Colleague: 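Attaching a single structure in structure tokens format; questions to follow.
Letters A, B, ... mirror the listed sequences (proteins, then strands); counts begin at 1. Everything quoted here is computed from the prediction, not taken from an experiment.
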Number of protein chains: 2
Amino acid sequence: MKLVCSKANLLNGVQIVSKAVPSKTTMSILECILVDTTNGEIKLTANDMELGIETTIEGQIVEKGIIALDAKIFLEIVRKLPDSDITIETDASFKTVITCEKAKFTIIGKSGEDFSYLPAVERDDSIVISQFTLKELVRQTIFSISDNDNNKLMTGELFDINGDEFKIVSLDGHRISIRKIQMKNSYAPKKVVVPGKTLNEVSKILPGDADSDVTISFTEKHIVFEFDKTVVVSRLIEGEYFKIDQMLSSDYETKVKVNKKEFLSCIDRATLLVKEGDKKPIIVNITDNGMELKINSALGSMNEEIDIQKQGKDLMIGFNPKFLIDALRVIDDEEVDLYMVNPKAPCFIKNVEESYIYLILPVNFTTVA
Amino acid sequence: MKLVCSKANLLNGVQIVSKAVPSKTTMSILECILVDTTNGEIKLTANDMELGIETTIEGQIVEKGIIALDAKIFLEIVRKLPDSDITIETDASFKTVITCEKAKFTIIGKSGEDFSYLPAVERDDSIVISQFTLKELVRQTIFSISDNDNNKLMTGELFDINGDEFKIVSLDGHRISIRKIQMKNSYAPKKVVVPGKTLNEVSKILPGDADSDVTISFTEKHIVFEFDKTVVVSRLIEGEYFKIDQMLSSDYETKVKVNKKEFLSCIDRATLLVKEGDKKPIIVNITDNGMELKINSALGSMNEEIDIQKQGKDLMIGFNPKFLIDALRVIDDEEVDLYMVNPKAPCFIKNVEESYIYLILPVNFTTVA
């Protein structure tokens, strides 16, 4: 095989497909990126058997062929080469020579024949949304998936399509994050659970233009993301997702409107007294005079008053500060509304249109006299 | 004690003295910053018994007093407070209340009486150089001190003052770095060895203005750096420094002039094939046609030609690539001159005025057929 392409194009392509290279594996072929020019285009592929990414890059094919190259070394070489044309040439013994200006690297590749191609997947059941929207939806919900494999469904996010409404949901047993958008077109109802890892990687490689779209296709076992010259194929998580509708409620006894930035900085300050792993709740005391935040730890204590607009009853309630921070960070509104019932019932942070709903379970606390 | 000062002033002061707080110590008082207002100014001090830093900040003293506060917590609190006036108030039981706007932190301090003050040091034997110059000299030499305590003198840098010449030297057994500047005034000859840690910390807190000076004073056992409102006192390393003059020579058999950036990028590329800890030399082959760089490792091989201006004999010589990179990175010249004798003798990278001299010992290598 022999090809010539610009460093910029090659680097971009290698960086994209590298996201599907597993960090640990016993199958060394999976640590490779496949470079395949047999079909008249320069196609790069990586595949960890759960997630596969394939992209094509511009360039000139001098001799058709196929080679698998160690992803880490290949990426490092391309990254450090001068910003000029790169030539990749392989021989029958998989010796691969990468040249750029006067620099010449020689590495040993592997047979492309051993590489596992992406599964062939039908792409007739699809939706289209903007790259920007998908990236935002993932960012605004991904933090509340579980990283614990005990319940596989919690490690993914629900994609819930109904007409022109696209809802994305994540939950970890302590909180639920829901984001909802309106799409340009209407589609048949569909619910699938997409692995969190897939969404993280797709987010990273999506350029995220508001003017460019991503096409998402579904089959029984797979989801496919197509954008620009890249195709991402991932397995879905099998099983029925949690029934979240019955966990949501619009009843409340206390409603608080607070400046988001002020609330967030105050929680941020309070948590500096909490050491990593130490589960100290932040205590929120809501009265007609305002909202007082308090935290006590072995290192000291902190309290601060925040101005609020309050409706309903006084309430003292405790939270894991991280859960509040995670939700507040991804809300762009200047002011947020909190809806609470009592110290044992979930708190909802949501807007009127319910384009976002963050449910957070409170934690028990003991008040220090 | 009670004082009021701006967050910006307090943060700056706490950040400066924090550099002398040891990361590990069995004496918990050393983990503290002393806040002392007994002399009518707000003075912050930290001291790890080798290195002590003291700085004064603007502010209003409401009630004189003294308190020692855990440096880590204190810094975190100040950093996260709003950008406004901060009040610190202590009581007889060392309870310390830090308030800023509506935020209130309560932590328990320690008695200031237990704190070890900086040693009183005479400051009559001094030199003056610009902050910028000192910072540059340290940056350009500090990388070749040894981090191995076996030879204490190698963990420091020689300050060699002679008339209006100030020379700074570091060496680790494989290389020597020398930087020389001309001072405005002349001083009596003096040679001291300053701990590398002290120089690292001083560099970090020096604002580095070319227009502001730093005064450096010497006693038999201590060095004192004074700049702005900060005083840094450090022990010196005792003993006689290595006689470096006899290691320097101006004889050479091969002289090479090379573009620094090109040379550096080429070595940088070559080293990506070398895994951390793997001691592969880079082989430099100098002929009339140019300079060829080669490296061979388990991961593959790389070679590249660089244009040079050559004088003298052809030469093939091997280097630890890191040593070349370290020296080239801190040389600002566009072109550098390398002086070599043979594959066993040191290579010198120096300019004509010898304001910098980097000596690097070559390493043995086996050429692959």
Colleague: Quick one: which of B:Leu273, B:Leu293, B:Ile108 has the most heavy-atom pairs under 4.5 Å with chain A, could you say?
Modeller: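 Of the candidates given, the most pairs with chain A belong to B:Leu273.
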Colleague: For A:Lys104, does the NZ atom sit with more than 12 other heavy atoms under 6.0 Å from it, leaving out its own atoms?
Modeller: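 12 or below, so no.
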Colleague: More than 12 foreign heavy atoms under 6.0 Å from NZ of A:Lys275: is that the case here?
Modeller: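 No.
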Colleague: Passes side chain to side chain contact (heavy atoms under 4.5 Å, CB included), B:Met302 versus A:Ile77? Steps please.
Modeller: CA-CA 10 Å; B:Met302 184 269 189; A:Ile77 290 175; over 6 Å; no
Colleague: Does atom NZ of A:Lys261 have more than 12 heavy-atom neighbours, drawn from other residues, nucleotides or ligands, at distances under 6.0 Å?
Modeller: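 Check fails, neighbour count at 12 or below.
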Colleague: Counting heavy-atom pairs under 4.5 Å to chain B, which of A:Asp268, A:Leu272, A:Ile107 comes out on top?
Modeller: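 Of the options given, most contacts go to A:Leu272.
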Colleague: Could you walk me through whether B:Asn303 and A:Lys102 satisfy the side chain to side chain contact (heavy atoms under 4.5 Å, CB included) test, starting with their C-alpha distance in whole Å, then the side-chain angles of each, then the deciding distance to 0.1 Å, before giving a yes or no?
Modeller: CA-CA 8 Å; B:Asn303 72 310; A:Lys102 288 177 181 169; over 6 Å; no
Colleague: Hey, which of A:Lys95, A:Glu305, A:Lys80, A:Glu101 has the most heavy atom pairs under 4.5 Å with chain B?
Modeller: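 The answer is A:Lys80.
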Colleague: By a 4.5 Å heavy-atom criterion (distance strictly below it), what part of B:Ser265 contacts chain A: side chain, backbone, both, or neither?
Modeller: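 Neither part, no heavy atoms under 4.5 Å.
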Colleague: How about B:Lys72: does its NZ atom have over 12 heavy atoms from other parts shown lying under 6.0 Å from it?
Modeller: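 Atom NZ in B:Lys72 is not crowded, with 12 or fewer foreign heavy atoms closer than 6.0 Å.
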Colleague: How long is the straight-line distance from CZ of B:Arg269 back to CD of A:Glu76, given to the nearest 0.5 Å?
Modeller: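 It comes to 12.5 Å.
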Colleague: Using non-hydrogen atoms only, which part of B:Ile295 is less than 4.5 Å away from chain A: side chain, backbone, both, or neither?
Modeller: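 Neither the backbone nor the side chain of B:Ile295 comes within 4.5 Å of chain A.
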